[in-house]
There are 2 protein chains.
Amino acid sequence: MSDSSWPTEWLRGTLTLAVLRILADGETYGYAISHRLEAAGFGSIKGGTLYPLLARLENAGLVEVTWRAGEGGPGRKCFTLSPAGCEEYSRQRAQWLAFAEHTTDFLKDPS
Amino acid sequence: MSDSSWPTEWLRGTLTLAVLRILADGETYGYAISHRLEAAGFGSIKGGTLYPLLARLENAGLVEVTWRAGEGGPGRKCFTLSPAGCEEYSRQRAQWLAFAEHTTDFLKDPS
DNA sequence: CATGGCTAGATCGTATGACAATCTAGTCAG
DNA sequence: CTGACTAGATTGTCATACGATCTAGCCATG
């Protein structure tokens with residue numbers, strides 16, 4: 001439990017969903033997202049991973065972007081879930097819960 | 001149920017574990033593994049995915065390989081879990097169960 | 001006997017995407 | 001002025017999943 005870094009291959013798939021999950025809590029920005037991911041046990045996600053991912057979300061119309069002047073720091077690019085993003089999040093969330101259950105069963109069942 | 005295979009990004013991470021799971025039932029060969037994966041709801045895994053994966057397992061010393069003459073067909077390359085493979089499987093299995101629980105909690109908890 | 005279909009394994013080229021390293025730029029403390 | 005921290009972004013590299021394709025053995029049909 002202590003170190004709790006999951007294999008990166010597992011995180012890769014979940015990362016988009018995890019980001020959607022965080023965005024579902026309300027507007028945030030990249031830097032904060034990376035900290036929340038780390039706090040949530042997803043390890044430290046690097047800029048080279050996170051920013052392209054956010055760009056993909058933006059590109060897919062799942063998030064809306066606003067620039068805000070930073071308080072005590074540089075400007076922030078803030079992200080909110082678009083309606084399509086909310087929908088996509090619910091869909092993926094439900095699907096992941098089903099997937100987790102499915103794989104759990106698969107691993108537990110004898111043959 | 002049947003048609004909707006999971007997003008490939010999710011399968012990617014789980015695929016190795018799923019193969020280990022199947023190998024844990026005893027000796028099999030590639031072609032049969034791909035059928036069992038499909039039957040288990042992992043979609044149809046192509047040769048270009050499965051054989052390199054099996055080669056990686058072999059390379060890592062997690063499986064042992066035997067050639068057997070095919071009954072009514074070409075020869076088969078049969079795989080068994082090595083002791084190290086058994087250990088690795090238990091480890092990954094436990095870790096995945098924990099991971100599934102962790103992500104489930106993460107998705108369910110409000111903020 | 002020739003053809004096509006099934007089993008079985010393997011390889012190649014392409015595309016995706018995660019990561020480390022690096023860069024710019026703003027603020028603040030010393 | 002310098003260094004630390006926040007914040008976003010880019011670049012190059014590496015791993016790997018996939019589709020397509022190939023070889024090869026066996027069988028049934030025509």
Side-chain angles (χ1 to χ4, degrees), chain A residues 5-20 22-23 27-39 42-60 62-80 92 99, chain B residues 5-20 22-23 27-39 42-60 62-80:
Chain A
S5 264
W6 312 101
T8 51
E9 318 98 64
W10 297 355
L11 298 175
R12 286 179 200 192
T14 330
L15 196 53
T16 303
L17 180 54
V19 169
L20 289 177
I22 288 170
L23 286 169
E27 189 179 83
T28 4
Y29 53 99
Y31 200 71
I33 291 174
S34 81
H35 285 315
R36 287 208 43 194
L37 284 171
E38 191 157 15
F42 284 89
S44 99
I45 307 300
K46 309 300 176 179
T49 301
L50 186 60
Y51 291 111
L53 189 156
L54 288 169
R56 283 198 294 280
L57 290 181
E58 182 184 352
N59 216 43
L62 301 182
V63 294
E64 277 151 19
V65 181
T66 335
W67 273 97
R68 301 208 187 286
E71 326 144 359
R76 291 167 177 176
K77 196 175 182 181
C78 289
F79 300 89
T80 346
Q92 281 201 29
F99 182 69
Chain B
S5 300
W6 314 99
T8 51
E9 318 97 66
W10 296 356
L11 298 175
R12 285 179 203 196
T14 329
L15 196 53
T16 303
L17 179 54
V19 169
L20 290 176
I22 288 170
L23 286 169
E27 189 180 84
T28 5
Y29 53 99
Y31 200 71
I33 292 175
S34 81
H35 286 315
R36 287 208 43 194
L37 284 171
E38 190 157 16
F42 284 90
S44 101
I45 305 301
K46 310 298 176 182
T49 301
L50 186 61
Y51 291 110
L53 189 155
L54 288 168
R56 284 196 295 278
L57 290 180
E58 182 184 354
N59 216 44
L62 301 181
V63 294
E64 276 150 19
V65 182
T66 335
W67 273 97
R68 299 206 188 288
E71 325 144 1
R76 293 167 177 176
K77 196 176 182 181
C78 290
F79 301 88
T80 347

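In what follows, every chain begins at residue 1, and chains take the letters A, B, ... in the order their sequences are listed. Hydrogens, waters and symmetry mates play no part in the numbers below; they use all other heavy atoms, side chains included.
Note that OG1 of A:T80 is 4.5 Å distant from CD of A:E27, once rounded to the nearest 0.5 Å. The CZ atom of B:R68 sits 14.0 Å away from atom NZ of B:K77, with the distance rounded to the nearest 0.5 Å.
The shortest distance between side-chain heavy atoms of A:L23 and A:L62 does not fall below 4.5 Å. Side-chain contact check for B:V19 versus B:I45: every heavy-atom pair is 4.5 Å or farther apart.
Panel note: side chain B:W10, backbone A:G13; a donor-acceptor pair is recorded below 3.5 Å.
When the P atom of D:dG8 is taken as reference, atom CG of A:L54 falls 9 Å away, rounded to whole Å. We find that NZ of A:K46 is positioned 16 Å from C1' of D:dT10, with the value rounded to whole Å. What separates CZ of A:R68 from C1' of D:dT6 is a distance of 18 Å, to the nearest Å.
By the side chain to side chain donor-acceptor pair (under 3.5 Å) test, A:Y31 pairs with no residue at all, sequence neighbours left out.
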At under 4.0 Å between heavy atoms, which parts of nucleotides 8-18 of chain C does protein reach? Answer with one letter per nucleotide, 5' to 3': B base, S sugar-phosphate only, - none.
-> BBBB-----SS
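Taking the six-membered ring where the residue is Trp, B:F42 and A:F99 present perpendicular rings, their angle passing 60° and hence far from 30°.
A rotation axis mapping the C1' atoms of four pairs onto the next four is fitted at both ends of the helix from C:dC1-D:dG30 to C:dG30-D:dC1 over five pairs, and the angle between these axes is 10° to 10 degrees.
Among B:L15, B:L11, B:T49, the one residue that satisfies the side chain to side chain contact (heavy atoms under 4.5 Å, CB included) test with B:L37 is B:L15.
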